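These notes concern the structure reproduced below.
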Amino acid sequence: METLVFIGQNLDVIAERTVQHVSIVGVAIGLAILTGVPIGILITLNARAASIVLYVAAIIITIPSIALFGLMIPILSLIGQGVGYLPAVIAVLLYSQLPIIRNTYTAISNVDPALREAARGLGMTPSQRLRRVEIPLAIPVVMAGVRIAVVMNIGITAIAAYIGAGGLGVFIARGISQSDPRQLITGALFVSLLAIVSDYFLMWLQRRLTPASSSSRAAGPSELG
Amino acid sequence: MIKLEKLSKVFETPGGGSVIAADQVSMEVPEGEICVLLGPSGCGKTTTLKMINGLIQKTSGKIWVAGCDTDEQDPVQLRRSIGYVIQQIGLFPNMTIEDNICVVPDLLGWDKTKSRRRAGELLELVNLDPGIFLKRYPKELSGGQQQRVGVIRALAADPPVLLMDEPFGAIDPINRAVIQDEFLKMQTELRKTIAFVSHDIDEAIKMADKIAIFKDGVLEQYDSPDDLLARPANDFIASFLGQDRTLKRLSLLQVQDVMFGDQVRVMARDDLEKARGLMREVGHKNIVMVGPRGRARGYLHLNDILDSTGKVEEHYQGLPATVNIRDDLRSAVSKMFRHDTTWLVCVDDEGFFKGSITQRAISHALGATYRDSDVATGAAAEAL
Ligand SMILES: Nc1ncnc2c1ncn2[C@@H]1O[C@H](COP(=O)(O)OP(=O)(O)OP(=O)(O)O)[C@@H](O)[C@H]1O
Ligand SMILES: [Mg+2]
């Protein structure tokens with residue numbers, strides 16, 4: 001009850017921090033798609049490169065976020081950005097690489113060899129094959145990777161409050177330091193809500209981007225449970 | 001025209017060994033003909049086919065397509081100028097049927113409205129309603145429908161040469177026969193030069209102008225279906241074609257190839273005396289009764305009317321069965337067995353009496369190759 005009152009009184013702050021939160025995750029995921037998808041496609045050309053890249057991305061994802069933030073402080077301090085927005089975006093960008101690269105790589109390399117042969121046999125160049133057949137077929141699976149990355153990083157961004165990146169995590173951090181359950185619950189609640197809403201939005205988007213009947217529905221975070 | 005000269009392919013296997021998938025293959029498919037590449041699994045049919053459009057790099061030898069040496073052409077351009085049907089159909093699931101059909105025209109930069117109109121026409125050619133199918137996705141089609149689309153996709157840019165790798169492999173026998181017939185009908189108009197891979201002998205006999213039989217990468221025999229069945233070059237080919245290869249030739253010949261045309265006939269109102277006279281004159285034991293305009297109506301058997309008098313119409317018997325002059329001998333023989341008879345009356349599409357066919361004439365035709373059998377001997381007419 002107290003929490004509801006708190007929420008009611010602080011709607012403007014909640015909105016502001018939600019926007020901060022979304023802008024960190026949104027910008028980082030956008031950049032992650034721009035880097036991860038081409039990397040995922042490129043590594044389909046070379047099995048050895050693929051295993052190295054996927055291995056590195058897997059290692060990055062195992063670094064605890066607090067440790068990663070800590071690691072970046074001395075490095076980014078060199079350009080005066082040791083704390084705040086930039087390290088948060090970079091962390092999310094790095095954590096997103098694995099799901100996005102891996103899903104892109106898997107999707108492209110799992111395109112039915114018969115389709116690839118048909119495309120080649122009908123006279124498509126490698127880049128036409130990629131644009132007209134392989135990428136369209138990979139989109140649902142890539143989107144599933146994006147969904148995993150988004151949901152995972154909404155949680156990670158909450159921790160970025162500790163390095164002064166703002167966002168909904170500020171409620172949680174203050175709730176803990178001030179022993180204020182109202183702030184703590186508000187933060188947790190809105191982080192969860194944001195994750196759920198984003199996931200549904202992306203699921204909707206994924207369906208829209210999937211041709212009517214190529215029904216290769218890939219497992220996203222909500223199906224993984 | 002497709003011409004192969006000493007074409008070879010050696011695959012290096014990971015173990016350090018090598019597989020000779022095609023061994024000095026030389027053959028030529030003339031303009032407008034269907035050549036079926038036939039042979040047991042692993043004999044190199046697909047490899048040979050894919051070397052033609054460069055999907056598999058040849059090890060040595062020469063290939064000409066439509067008069068041009070393929071070594072001197074850009075492989076991508078070459079493939080766009082050759083229709084290709086892959087065994088697994090390979091329709092792109094992310095594109096509508098219309099876009100699938102228009103893949104090559106789009107790659108060639110053709111006018112979209114024109115190519116889309118052609119897609120509709122091609123669908124009609126294979127009995128699919130464009131109104132229903134153009135905007136559908138491949139998954140919404142049955143296997144047979146997809147296979148038809150796979151074939152017309154290869155035809156969309158009107159290439160002179162077509163490569164087909166077991167194009168009708170993935171469907172049930174009944175639908176396969178239907179598609180084969182449709183395709184042959186199309187081919188009589190389109191006159192494409194076609195290399196067609198199959199491992200089904202009956203399909204090969206039905207579709208081919210010429211059959212190329214492969215074994216372990218070697219082209220063992222290259223002949224017309226009839227010559228192949230009549231004179232297999234070696235034991236391998238003979239056993240591959242099967243013990244019943246003589247019977248298979250039945251489906252290569254039409255009734256009109258072996259029937260006796262211009263037979264004597266009587267009308268309903270003729271006297272039996274006239275019928276007897278005609279039968280004795282030509283030495284037959286049966287005579288066909290025709291209607292006023294020449295349709296086959298019934299027949300008389302000499303022994304039944306030896307002592308009878310009156311008109312034909314009072315004594316004739318109905319015909320147990322007739323065959324169309326364009327049926328193949330296989331269905332003629334089947335009818336003979338079903339009705340326990342040694343001869344059948346042959347009619348055209350309107351039912352007009354065209355001649356008769358006997359078991360003797362059929363076995364005679366099988367004994368000779370069918371070119372020789374054009375000179376039918378009198379002996380074969382005995383059963384009439
Ligand atoms: N990429 C490859 N690497 C190594 N060997 C190959 C390769 N492709 C084919 N072969 C071998 O070449 C031979 C001919 O293969 P091919 O696919 O042409 O046979 P096929 O006549 O089409 O058989 P099927 O009727 O089973 O399709 C086989 O022994 C096969 O194992
Ligand atoms: Mg094959």
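Atoms considered below: every heavy atom in the structure, side chains included; atoms not considered: hydrogens, waters and symmetry mates. In what follows, chains are A, B, ... by sequence order, proteins preceding strands, each numbered from 1. Given the structure is predicted, the values throughout are model-derived calculations rather than measurements.
- Note that CD1 of B/Ile89 and CG of A/Leu115 are 11.0 Å apart. Values are rounded to the nearest 0.5 Å.
- A side-chain donor-acceptor contact under 3.5 Å links B/Arg80 to the backbone of A/Gly123.
- At a threshold of 4.5 Å between non-hydrogen side-chain atoms, the residues B/Pro93 and A/Asp112 do not count as touching.
- Heavy atoms of A/Arg132 lying under 4.5 Å from chain B belong to its backbone as well as its side chain.
- Annotation: the span from B/Met95 atom CE to A/Leu137 atom CG amounts to 8.5 Å, rounded to 0.5 Å.
- For chain A, no part of B/Leu163 is nearby; none of its heavy atoms comes within less than 4.5 Å.
- Looking at B/Ile86, the atoms closer than 4.5 Å to chain A (heavy atoms on both sides) all sit in the side chain, from C-beta outward.
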Side chain to side chain contact (heavy atoms under 4.5 Å, CB included), that's the test. Do A/Leu122 and B/Phe92 meet it? Break it down for me.
CA-CA 12 Å; A/Leu122 292 171; B/Phe92 303 119; 4.1 Å; yes
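- Atom CG of B/Leu107 and atom CE of A/Met124 lie 5.5 Å apart (nearest 0.5 Å).
- Residues satisfying the salt bridge (Lys or Arg N to Asp or Glu O under 4.0 Å) criterion with A/Arg17, sequence neighbours excluded, are absent altogether.
- Closest approach of A/Ala118 and B/Gly90 over heavy atoms only: CB-O, 3.6 Å.
- Other residues, nucleotides and ligands contribute over 12 non-hydrogen atoms within 6.0 Å of the CD atom of B/Gln73.
- One distance of note links CZ of A/Arg120 with OH of B/Tyr84; it measures 9.0 Å at 0.5 Å rounding.
- In terms of heavy-atom proximity, A/Pro136 sits nearest to B/Asn94 at CB-ND2, 3.2 Å.
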